[in-house]
Every structure is written in C-alpha cells, then in structure tokens.
Amino acid sequence: MFPWTGVALTHEAVWQHVLEHIRRNITEVEFHTWFERIRPLGLRDGVLELAVPTSFALDWIRRHYAELIQEALGLLGAQAPRFELKVVPGAVVQEDIFQASPKPESEKPKLNPKYTFENFVVGPNNSMAHAAAVAVAESPGRAYNPLFIYGGVGLGKTHLMHAVGHSVAKRFPHLKIEYVSTETFTNELINAIREDRMAEFRERYRSVDLLLVDDIQFIAGKERTQEEFFHTFNALYEAHKQIILSSDRPPKDILTLEARLRSRFEWGLITDIQPPDLETRIAILKMNAEQRGLRVSEEVLEYIARQVTSNIRELEGALMRAIAYASLNGVELTRSVAAKALSDIFAPREVEVDPQEIVRKVAEHFALRPEDLVGGGRRKEVVLPRQIAMYLVRELTRASLPEIGQLFGGRDHTTVLYAIQKIQELSESDREVQSLLRSLREVLA
Ligand SMILES: Nc1ncnc2c1ncn2[C@@H]1O[C@H](COP(=O)(O)OP(=O)(O)OP(=O)(O)O)[C@@H](O)[C@H]1O
C-alpha cells in the first residue's frame, strides 16, 4: 500500500506503472535487456525495493536509469517514493506483461537461453558489434542487412547472434526466427537432395524473418551449398528479412567463396569482435560467478583474467575449474588456490607485462624509438631489436603470434615465429644475447 498516493496500490502495480513510463522513454532492446528481470520485492518505509539478478545489472541500472526510475515514481503522487536496488541471484524473470501468448515449443527458435544482451558484457573490444546487433534487433531487416560479425574463437559471436534472436522473439513474437550452423545447413541440404525434399527445404529457409547463420566460413569450397545459400539469401534479402552471419574471418579472407556471395556478404555491415581487455575479462568473470550465485573475490577474478587473455570460453572454464578445485578440497578460493587449480594449464605468471612497455624498454636499450620497432623499416640495426622485442612479448605476455604480428605493424604470424625461433637459438649460443635478455627481463618484471 502506498500512503502517498492515497490509493491502495500494490508494489507490483506501482512497478508496472514505472515500467510503462520507462518503456516509453527507452528503446525496446534496452527495456528487454535491463528491465525485464527486475522484480519488485515490496515497500518498506516509503522505499520500493527492487530485485536485480546480478551486481553488474545493479551497477548498470543505477548508473544509466536511476533518474528515469525516480522520474516515473515521481509521477505517482506528491510525495515521491524512493527506490532501492538489491541483488537477488537468480531473481525470477518477471512475466512479460507486454508479450503476446507464447509460441509452442516446436516453433521456438533453438537459442541458448544464456545468450542474451543482458548477459553480454560490452567492452571496447566488442562495442561496435554489440551496437550493430542492438540496432538490428530493434528494426530487423532495416538497420544493417546482412550483419556480418567476425572474430576469433570463443569471443562471443554466437552469443551476440542469439541475443538478437531472443530480443526479436520477445519484441516481435509473430516473426519466424531460424538459427543454424553452416554445418547443419549443409547437412540438411544434402539430406533434402537425397530424399527429394528440396521444395520443403527451400520453403523452410525462405519463409523465415530472421536467419542467423553461424560459422559461414565453412561454406568455403562447398559449391552446392553456396549455390543454395545464394538463392536463400536473395529471397530473404529482397523480402527485407534480416540475415546475420558469423565467421572467424571477414568475407574477403574466405577463400573459394563465390564472388557473388562475397559481395552480398559485404552489402550490409561487417563488424568484428576483438579479444577483450583485462577490465572486460574481469567483468565477464564477475557476471559469470554471480549468475551461479557464487562469491569470488576481486583478487581471484583478476588473477584468472590475467591468465586467459583471448578465448572467453576458456576464461569461463578457468573460473569453473578454480571454483571446483576449491570446493572439492574444502578450502576458500584464494588467489593461491586459484593458481594451484590452474597450474597444470597455465604456467604461473604473477603479473602480465604490458607489450607496449616491452617495446619501449627494448627500444630504449638500443637507443631507438618505439615506432622504429613497430614500423616497417628493415634496417639492420632495427631488425634484431625488433626480434628481441617480439621474443619478450611472447615470453612475458599471453599474446598469440597473430596478436604479436598485429602489434608489430601488422606482420604475419610466420614472421613472428621466425623471429622467436631465431632469438631462442641465439639465447642458447650467444652470451651477449643471453645477458641482454636477462637484464631486459629484470627491468620488465
Ligand atoms: N562479451 C561477453 N560477455 C559475456 N559472455 C561472453 C561474452 N563474449 C563471449 N561470452 C561467452 O563466451 C563463450 C563463448 O562465446 P561464443 O560461443 O559466442 O563464441 P564464438 O565467437 O561464437 O566462438 P566460436 O568461434 O567457437 O564459434 C560463451 O559462453 C559466451 O556466453
């Protein structure tokens, strides 16, 4: 009951009023991402208590929507109530008061329920791809078509695609959504040809409103699949249906892809996802732990985030491993317990060194400028220092060969490998190089 309104309103009714106001003032995607999982708990001393599922969501909502929520509450009456957010792990999803009747199971797209926008941590590495996905979810078939998302293994391409699927499914319950891996598409095509069911196959794919195709790079070299996909693509595109494709590389790098398909993949927006930076990795781990209702200290999260730098699937796996290790041994999950749990996967490394710092220090030692090392010059006096810097980046950081190549002016990973092998040999045969490496390690550690 809300004394200030003079009307017997339940806290649920008040919250619905707030939601309606908020819904009018933000985008659908924002609404579904942040407000659907809030549950009103009750009212105590003029404060409306709201449950949110994670502290990440709490921070976000507080930073971005506090004013709007307060404004909505203010509309209720003279004495504006306050509100408070509380983390209640696993808070029940509130019934969607705006949604039409649910679809039968068989018609639901095969989407991973965990892969939503709400569960996607946005960082500098994926903000473009995220923004594009949100835009597509808001107006499928109109924003960017096709949306082509590419990036390395385990960086969230499938997650983003599914997030669009979930969001569109909620916003436009009548739309037909199909998620398929390129492998499944190919297998279904082969079966359809064999069983003389091509008409059915075509009807199935050409009648969808949102087609999500994962790992499209696997279409390379498959002529019949390319041919069929080309016609599916055209049919959907012409009917303003949305297509989203994911790949481990941009269209131009997919070899043996027919030119007509390549050019179509390039019609819309091509966006990439890069490996996450340290802060984003910590945020992902934090969210992951909270979703499982687990408390893990910042120190442990940071330790794990420093060990796994590129693949988010592995990052999450490392956290789970550390948690399992601590609970099986009945000990608290401290930094050293985490280090033990991960010791057979990762060599212990206290602190990861910044690659730029390595470049600076090596350049300084040879009286060069850092730009000389990362630039294209091939002067003799630059080549060896550059190779030493590459070698140290490999040794002291978790950067992969292609990442090192990227750091050193977009060089190929085979060049990096050659440099590392060369310095490795020198470090065994040449005393000067040996002592140089030792002293550089000392200043960098
Ligand atoms: N930004 C993110 N926030 C939260 N979780 C993420 C994020 N990016 C990736 N993940 C998680 O990392 C795991 C791997 O992501 P996903 O399967 O989408 O990667 P992918 O790029 O499609 O990989 P692959 O190349 O193997 O197909 C998933 O559990 C996903 O939820």
Side-chain angles (χ1 to χ4, degrees), residues 29 32-34 37 53-60 89 109-134 136-137 146-167 179-186 211-220 244-251 253-254 270-292 294 296 301 304-305 307-323 400 402-403:
V29 172
H32 283 298
T33 304
W34 301 110
R37 308 259 313 260
T54 62
S55 72
F56 180 79
L58 184 145
D59 284 350
W60 189 274
K110 294 181 211 80
L111 301 174
N112 184 330
K114 195 194 128 204
Y115 292 176
T116 60
F117 279 126
E118 192 194 40
N119 292 344
F120 191 84
V121 175
V122 184
N125 62 311
N126 59 24
S127 57
M128 272 281 292
H130 174 261
V134 168
V136 164
L147 174 63
F148 191 104
I149 305 172
Y150 74 92
V153 175
L155 292 184
K157 303 181 293 294
T158 306
H159 188 139
L160 261 191
M161 276 187 142
H162 284 213
V164 176
H166 285 302
S167 174
Y179 165 79
V180 72
S181 68
T182 301
E183 201 190 345
T184 306
F185 184 86
T186 306
L211 179 63
L212 311 167
V213 185
D214 220 343
D215 291 325
I216 194 71
Q217 76 273 7
F218 290 133
I219 206 170
I244 306 184
L245 306 166
S246 91
S247 165
D248 68 352
R249 65 201 82 171
D253 293 344
I254 306 180
I270 302 177
T271 178
D272 67 334
I273 301 189
Q274 291 293 324
D277 61 13
L278 179 67
E279 276 184 9
T280 312
R281 298 201 298 278
I282 295 175
I284 290 173
L285 287 178
K286 198 168 179 182
M287 175 187 274
N288 212 281
E290 280 176 0
Q291 280 168 346
R292 293 164 202 268
L294 302 165
V296 181
L301 295 179
I304 296 172
Q307 304 302 308
V308 190
T309 54
S310 56
N311 186 330
I312 297 172
R313 199 175 293 117
E314 282 178 9
L315 183 70
E316 294 175 342
L319 174 65
M320 284 311 110
R321 197 184 162 97
I323 289 170
S400 63
E403 284 165 353

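One-based numbering along the sequence shown. What's counted below: heavy atoms across the whole structure, side chains too, no hydrogens, waters or symmetry copies. Numbering of ligands and ligand atoms starts at 1, following listing order.
- Between the side chains of S246 and D214, at least one donor-acceptor pair of N or O atoms lies under 3.5 Å.
- Between H130 atom NE2 and N125 atom CG the span is 11.5 Å, to the nearest 0.5 Å.
- Closer than 4.0 angstrom to ligand 1 lie heavy atoms from K114, Y115, N119, F120, V121, N126, G152, V153, G154, L155, G156, K157, T158, H159, I284, I312, R313, E316.
- Proximity of the aromatic rings of H166 and F117 is defined here by a centroid distance below 6.0 angstrom, and this criterion is not met.
- When K286, K114, R281 are each tested for a salt bridge (charged side-chain N to carboxylate O under 4.0 Å, His left out) with E316, only one passes: K114.
- Considering only residues two or more places apart in sequence or on other chains, S310 meets the side-chain hydrogen bond (donor to acceptor under 3.5 Å, both in side chains) condition with none of them.
- Once rounded to the nearest 0.5 Å, the distance linking CG of N126 with CG of D272 reads 10.0 Å.
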